[in-house]
Amino acid sequence: MAALSGVRWLTRALVAAPNPGAWRSLSISAVAHAASRSQAEDVRVEGAFPVTMLPGDGVGPELMHAVKEVFKAASVPVEFQEHHLSEVQNMASEEKLEQVLSSMKENKVAIIGKIHTPMEYKGELASYDMRLRRKLDLFANVVHVKSLPGYKTRHNNLDLVIIREQTEGEYSSLEHESARGVIECLKIVTRTKSQRIAKFAFDYATKKGRSKVTAVHKANIMKLGDGLFLQCCEEVAELYPKIKFETMIIDNCCMQLVQNPYQFDVLVMPNLYGNIIDNLAAGLVGGAGVVPGESYSAEYAVFETGARHPFAQAVGRNIANPTAMLLSASNMLRHLNLEYHSNLIADAVKKVIKVGKVRTSDMGGYATCQDFTEAVIDALSRP
């Protein structure tokens with residue numbers, strides 16, 4: 001049984017290997033892997049949930065290592081199929097993109113790090129990250145901004161959700177030079193996608209027991225584009241009479257979030273505004289290192305950090321905060337109906353933060369990423 005499982009593991013590993021040069025090392029590790037596995041463990045892996053893992057750039061690989069260490073300690077029945085896609089590490093190509101898409105389409109669930117997008121124009125306007133989301137039609141990005149018990153910030157006891165349409169808007173990659181020195185950048189707003197994200201927001205509010213949805217826009221200036229988005233939100237709101245509906249202009253929303261964020265519950269908005277508000281709101285509860293996020297299509301679910309930053313200056317320094325990625329991984333387990341393991345990991349992370357003895361530098365402490373990960377693992381076994 002163990003030998004058979006080893007062969008199966010090797011086959012899966014070879015298929016998922018990011019490059020041909022990795023086959024030899026995979027073969028060697030597979031032999032050791034099969035030799036050290038017990039029959040009981042083989043049965044568990046055979047019944048494990050396959051999940052696509054895309055470490056991304058910056059500290060992404062370090063954060064994914066933390067996830068794998070915690071999952072191993074918690075005996076989580078998930079098997080990661082790891083792929084690598086990066087525009088800054090010369091690890092991006094159409095072939096690699098198709099490999100990642102194939103894996104994600106087969107597994108339906110993925111956990112990803114930030115795929116950094118260079119500012120230089122090299123003939124393709126759409127980044128690999130944007131293309132990945134479009135091909136999977138990951139139209140809804142959800143960021144749950146919630147204060148962590150025991151970690152004090154300027155605003156405490158916050159609990160709000162930001163829902164962002166992320167397949168059109170300002171990120172449509174439609175730019176051209178109409179005349180020398182004149183660039184036109186097109187913002188695309190469609191009724192179909194505006195209605196879809198509005199309905200998603202109201203359905204989310206209903207399912208999660210939320211009482212209010214705020215549509216964020218700039219329809220006073222972009223009367224047709226944002227006007228259509230706002231009109232769609234208003235139309236959908238009429239179908240949900242039990243959910244209070246409000247509208248707010250984006251610039252006022254930014255100010256209100258800083259002054260009085262408690263007035264918000266669920267916010268829904270177009271692409272660019274959502275990107276900005278995600279980061280602003282993350283800063284209210286501790287920064288990019290503590291807020292998880294997720295993206296959905298009709299078929300697929302992708303789990304990631306809420307504020308997408310590669311944190312390139314921290315690479316190799318062992319100082320990244322794995323909280324956001326661990327909480328996102330916990331949300332992924334809940335999506336897979338692994339409630340026990342989801343709660344186990346989320347509770348361990350929150351316990352470490354609440355005790356306050358082990359905190360990374362972004363939270364005012366001196367602990368390393370590895371220190372925090374080990375503290376979470378230790379907390380798994382404590383009542």
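Only a predicted model underlies this, so the values are computations on that prediction, with no experimental measurement involved. In this chain, numbering begins with 1 at the start of the sequence shown.
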Whether [Y] and [X] form a salt bridge (side-chain N of Lys/Arg under 4.0 Å from carboxylate O of Asp/Glu) is what I want to check.
X	Y	answer
Asp265	Arg210	yes
Glu168	Arg196	no
Lys114	Glu304	no

Please report the interatomic distance [atom1]([X]) to [atom2]([Y]), rounded to the nearest 0.5 Å.
X	Y	atom1	atom2	answer
Thr368	Arg317	OG1	CZ	12.5 Å
Ser102	Met104	OG	CE	11.5 Å
Phe139	Gln166	CZ	CD	9.5 Å
Leu228	Cys232	CG	SG	4.5 Å
Leu148	Lys354	CG	NZ	11.5 Å
Leu132	Leu101	CG	CG	5.5 Å

Check whether any side-chain N or O of [X] sits under 3.5 Å from a backbone N or O of [Y] as a donor-acceptor pair, and report yes or no.
X	Y	result
Arg164	Asn271	yes
Asn331	Phe303	no
Glu165	Thr167	yes
Lys223	Asn220	yes
Thr214	Glu246	no
Ser147	Leu158	yes
Thr373	Ala66	no
Ser328	Gly293	yes

Looking at [X], I want to see if its [atom1] is surrounded by more than 12 non-hydrogen atoms of other residues, nucleotides or ligands under 6.0 Å.
X	atom1	answer
Tyr262	OH	yes
Lys135	NZ	no
Lys146	NZ	no
Leu224	CG	no
Lys212	NZ	yes

Just wondering, do [Y] and [X] contact through their side chains at under 4.5 Å, heavy atoms?
X	Y	answer
Met325	Ile111	yes
Ile249	His217	yes
Met53	Lys68	yes
Glu170	Tyr273	yes
Val268	Phe200	no
Tyr240	Phe245	no
Met248	Gln263	yes
Val142	Tyr204	yes

Taking every non-hydrogen atom, the tightest pair across [X] and [Y]:
X	Y	result
Glu238	Pro241	O-CD, 4.1 Å
Thr190	Ser194	O-OG, 2.8 Å
Asp137	Ser297	O-CB, 2.9 Å
Pro322	Thr360	CD-CG2, 4.5 Å
Leu257	Phe264	CD2-CD1, 3.7 Å
His83	Gln99	CE1-O, 4.0 Å

Exercise. Among side-chain atoms of Asn141 and Ser295, is any donor-acceptor pair under 3.5 angstrom?
Worked result: yes
Exercise. Side chains of His155 and Asn260: donor-acceptor distance under 3.5 Å anywhere?
Worked result: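 Their side chains do not contain a donor-acceptor pair, so the 3.5 Å distance test is not met.
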For this session: For side-chain contact (heavy atoms from CB on, under 4.5 Å), just list the numbers for Asn275 and Tyr171, CA-CA rounded to whole Å, side-chain angles, deciding distance to a tenth of an Å, and then say yes or no.
Result: CA-CA 10 Å; Asn275 196 356; Tyr171 293 8; 2.6 Å; yes
Are [X] and [Y] linked, directly or through other ILVMFWY residues, by side chains that come within less than 4.5 angstrom of each other?
X	Y	result
Val78	Met64	yes
Ile162	Met255	no
Leu230	Ile250	no
Leu280	Val285	yes
Val76	Tyr340	yes

Problem set entry | salt bridge (charged side-chain N to carboxylate O under 4.0 Å, His left out) contacts touching residues 336-349 (sequence neighbours left out) | Arg334-Glu339
Problem set entry | Evaluation steps, side-chain contact (heavy atoms from CB on, under 4.5 Å), between Arg154 and Val258 | CA-CA 9 Å; Arg154 183 179 297 273; Val258 174; 5.8 Å; no
For this session: Tell me, with the steps shown, if Cys254 and Ile277 meet side-chain contact (heavy atoms from CB on, under 4.5 Å).
Result: CA-CA 7 Å; Cys254 291; Ile277 295 297; 3.7 Å; yes
For this session: For the residue pair His335 and Tyr296, categorise the inter-ring angle as parallel (less than 30°), tilted (30 to 60°) or perpendicular (more than 60°).
Result: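 Tilted: the ring planes of His335 and Tyr296 meet at 30° to 60°.
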Problem set entry | Leu326/Val67 under side-chain contact (heavy atoms from CB on, under 4.5 Å): CA gap, chis, key distance, verdict | CA-CA 6 Å; Leu326 289 172; Val67 169; 4.0 Å; yes
Seminar exercise, completed: Tyr300 meets the ring-ring contact (aromatic ring centres under 6.0 Å, His included) criterion, sequence neighbours left out, with none
